[in-house]
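We use all heavy atoms of the structure for the numbers below, so side chains are in, but hydrogens, waters and symmetry mates are not. Bear in mind the structure is a predicted one, so any value in this text is a computation, not a measurement.
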Amino acid sequence: MRTPDGLFFAPGLRFKDLDIQDSNALANSLTARAEKWFFDPAKLIANSSPFASGVIVVCFIDSAAKFSGMKMPEWLCEAVTNCAKRDPRGNNRTIAVSFKEDVRNGLVHHSRLNRGAEFSLDLEKPLEVVGSVLIVNPLLLLDAVEVRWQRTLDGIRSNSETHQRVAKEVQRVFKVDFQADEAWE
């Protein structure tokens, strides 16, 4: 986020001050970024706009999967176990793959959800195919996503390989942001 004070990786943390070499500092910075710019806003707006809340959660899932070194459907299956099941609509793919195609790709490419998918707070599961429609409860999905994200953060703190992989991905993804913040002064 760019402000008159610089370019920020997380609230109160400029890119130039981000310490990716220290595993705890990196995990704490990723925690602050996730909580303040994704999780809290998604929770805040869910009741007034499940769609907007869902968009935020989907964006985070896409990013979290990349930082975890995984494809989105694989990461989602680890967050929501029933996503590994076959989509009952007979399309020979998992619910996680349908989520990527119907929800993520629909939002990114068409600014809508594909094939009748919808966000609803009425569903009592994170996501499920009901009849011919994939329904996603953004708040319950976010609960599952937060648990899975915590495993990534724990891995950064406790496993040097994971820490180095995520640090390299942060450097790669935010290369221009690091450069822009350095030039900000």
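- Within the model, atoms CG of Leu142 and CZ of Phe39 stand 6.0 Å from one another, a figure rounded to the nearest 0.5 Å.
- Across all their heavy atoms, Pro41 and Glu35 have their closest contact at CD-O, 4.0 Å.
- Atom CG of Leu76 is separated from atom CE of Met70 by 10.0 Å, given to the nearest 0.5 angstrom.
- Atom CG of residue Leu7 and atom CD of residue Gln179 lie 11.5 Å apart, to the nearest 0.5 angstrom.
- The backbone N or O of Phe9 sits less than 3.5 Å from a side-chain atom of Arg33, completing a donor-acceptor pair.
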Worked check of salt bridge (charged side-chain N to carboxylate O under 4.0 Å, His left out) between Glu74 and Lys71:
CA-CA 5 Å; Glu74 177 187 10; Lys71 294 185 185 282; over 6 Å; no
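- Heavy atoms only, all atoms of each residue included: Glu161 and Asn159 are closest at N-OD1, 2.8 Å.
- When all heavy atoms of Leu140 and Lys125 are compared, the pair lying nearest together is CD1-N, 3.5 Å.
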Could you walk me through whether Leu18 and Val170 pass the side chain to side chain contact (heavy atoms under 4.5 Å, CB included) test, one step at a time?
CA-CA 10 Å; Leu18 178 62; Val170 168; 4.0 Å; yes
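- Listed here is the closest heavy atom pair of Gly69 and Arg165: N-NH1, 3.5 Å.
- Hydrophobic clustering of Ile, Leu, Val, Met, Phe, Trp and Tyr side chains at less than 4.5 Å, counting indirect connections, keeps Val133 apart from Leu127.
- Between Thr94 and Asp87 the shortest side-chain heavy-atom distance does not fall below 4.5 Å.
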Does the side chain to side chain contact (heavy atoms under 4.5 Å, CB included) test come out yes or no for Leu113 and Leu107, once each step is laid out?
CA-CA 6 Å; Leu113 303 179; Leu107 290 170; 3.8 Å; yes
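- Taking both residues in full, the closest heavy atoms of Arg115 and Asp102 are given as NE-OD1, 2.8 Å, listed atom of the first, atom of the second, then distance.
- Both Leu141 and Val129 are members of a single hydrophobic cluster when ILVMFWY side chains are connected at heavy-atom separations under 4.5 Å.
- Judged as a side chain to side chain donor-acceptor pair (under 3.5 Å), the pairs with a partner in residues 43-53 (not counting sequence neighbours) are, in order, Lys43-Glu146.
- In this structure, the side chains of Ser120 and Val136 stay at 4.5 Å or more apart for every pair of heavy atoms.
- Placement of Phe67 and Trp75 within a single hydrophobic cluster is found when ILVMFWY residues are connected by side-chain heavy-atom separations under 4.5 Å, directly or transitively.
- Summarising the geometry, atom CZ belonging to Phe8 is positioned 15.0 Å from atom NZ belonging to Lys36; distances are rounded to the nearest 0.5 Å.
- In the hydrophobic clustering of ILVMFWY residues, with side-chain heavy atoms under 4.5 Å counting as a link, Ile56 and Val58 come out together.
- For the atom pair CD of Gln164 and CD1 of Ile156, the computed distance is 11.0 Å after rounding to the nearest 0.5 Å.
- Both Met72 and Ile95 are assigned to one and the same hydrophobic cluster, defined by single-linkage of ILVMFWY side chains at heavy-atom distances under 4.5 Å.
- Here salt bridge (Lys or Arg N to Asp or Glu O under 4.0 Å) pairs that include residues 45-64, with residues two or more places apart or in two chains, are Asp62-Lys66, Asp62-Arg104.
- At a threshold of 4.5 Å between non-hydrogen side-chain atoms, the residues Ile61 and Phe99 count as touching.
- Using modelled atom types, one side-chain atom of His163 and one backbone atom of Ile20 make a donor-acceptor pair closer than 3.5 Å.
- For the pair Trp37/Phe60, no side-chain contact is recorded, criterion being any heavy-atom separation below 4.5 Å from C-beta on.
- The two residues Leu121 and Pro50 come nearest to each other via the heavy atoms CG-CG, 4.0 Å.
- Side-chain polar atoms of Arg148 and Thr152 form a donor-acceptor pair below 3.5 angstrom.
- For Phe178, the ring pair (Phe, Tyr, Trp, His ring centres under 6.0 Å) criterion is met by Phe15, not counting sequence neighbours.
- One N or O on the side chain of Asn137 and one on the backbone of Leu123 form a donor-acceptor pair closer than 3.5 Å.
- In this structure, the separation between CG on Asp154 and OG1 on Thr162 is 10.5 Å, given to the nearest 0.5 Å.
- Side-chain contact between Glu118 and Phe51: absent, with no pair of heavy atoms (C-beta onward) separated by less than 4.5 Å.
- Between Leu134 and Val103 the shortest side-chain heavy-atom distance falls below 4.5 Å.
- Residues Val57 and Phe38 fail the side-chain proximity criterion, which asks for heavy atoms closer than 4.5 Å.
- Salt bridge absent: Lys16 and Asp181 never bring a charged side-chain N and a carboxylate O closer than 4.0 Å.
- Counting heavy atoms from C-beta outward, Arg89 and Ser98 have side chains that approach closer than 4.5 Å.
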